[in-house]
Peer 1: 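Below you will find the structure I want to go over with you.
Ligands are counted one by one from 1 in listed order, and the atoms in each one are counted from 1 as well.
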Amino acid sequence: MPELPEVEIVKRALEPVLLERPLRKLQFNRADLRFALPGDLPDKLAGRTITSISRRGKYILAFADNDHGFVLHLGMSGVIRIEHPEEQSDQKHDHVVWAFDEGPRIVFNDARRFGFLQAVHVEDWQDSAPFNAMGPEPLGNSFNGEYLAEALSGKKASIKSALLDQRVVAGVGNIYDCEALYMSGIDPRRSAGSLSAQECEKLAHAIKTVLALAIEKGGSSLKDYKHTDGNLGYFQHHFAVYDREGDPCPKSGCPCGTDNGVQRIVQHGRSTFFCPYVQN
Ligand SMILES: [Zn+2]
């Protein structure tokens with residue numbers, strides 16, 4: 001599932017295509033994705049210009065000059081294609097199309113349909129779920145060690161699970177959760193409330209670092225998207241521990257290299273990858 005960095009990259013790729021161009025038509029090719037598509041939204045947005053696009057957690061928000069807009073979630077398998085007129089092709093699972101009078105169009109394709117698009121209004125989107133209970137943006141100033149210590153205080157759940165709670169911090173999913181815990185040397189099985197102030201500081205810093213690095217990498221892969229027909233929404237990473245069961249972790253000389261390497265355990269139904277030597 002795309003996490004914050006992937007969604008941020010999609011948002012950045014959409015900016016030059018979606019903003020400040022009169023939208024000829026928002027087209028729905030079916031009535032529902034994970035939820036019903038907002039049937040009256042195409043009328044509200046036809047002929048309007050999208051003037052803002054932003055990201056909150058794993059969601060992309062865009063608003064037109066009449067304050068109506070949409071929130072898009074990529075779900076498990078959702079991808080965005082930006083297609084110039086000469087490269088337009090209708091593909092299976094193309095569910096939503098943003099068409100303009102000239103230049104590229106935007107297509108949302110989602111084979112498994114866990115993604116969704118809903119109508120939002122500039123005045124009240126923050127008052128509705130999930131935004132009304134969402135934690136701070138991890139790359140923002142309000143997310144730091146002090147905040148994290150407060151948010152985790154008294155929590156008996158594992159730190160691994162606590163970070164997946166979007167009320168604690170927005171946009172962190174399984175991958176960057178594992179990577180940040182490795183970077184900060186914290187055992188994913190510890191109870192969230194047991195972390196010291198210093199560990200919370202380290203962990204907050206690690207979360208910011210792994211996310212920022214991933215955005216930087218994704219951004220560099222984005223530069224040449226026009227030369228491929230690659231779908232936006234996913235990009236290749238090299239992870240330290242995520243999905244690397246049995247491999248030695250990146251720490252030079254770490255004893256895990258001559259032992260069993262990176263370990264995988266299951267916590268609350270999700271795989272956790274960690275190095276038992278670095279994270280203890
Ligand atoms: Zn190791």
Peer 1: Regarding D110 and R34, does a basic nitrogen lie under 4.0 Å from an acidic carboxylate oxygen?
Peer 2: no

Peer 1: Check the angle between the aromatic planes of F131 and W125 and answer parallel, tilted or perpendicular using the 30° and 60° thresholds.
Peer 2: perpendicular

Peer 1: Is the ring pair F239/Y176 parallel, tilted or perpendicular, if the boundaries are 30 and 60 degrees?
Peer 2: perpendicular

Peer 1: With 2.8 Å as the threshold, which protein atoms of type N, O or S lie near the Zn ion (ligand 1)? Leave waters out.
Peer 2: C249 SG, C254 SG, C256 SG, C275 SG

Peer 1: Looking at R12 and E15, does any basic side-chain N land under 4.0 Å from a carboxylate oxygen?
Peer 2: no

Peer 1: Holding to salt bridge (charged side-chain N to carboxylate O under 4.0 Å, His left out), I want the full list of residues that pass it with D90, two or more places apart in sequence or in another chain.
Peer 2: R105

Peer 1: When you measure from the side chain of Q279 to the backbone N and O of I186, does any donor-acceptor pair fall under 3.5 Å?
Peer 2: yes

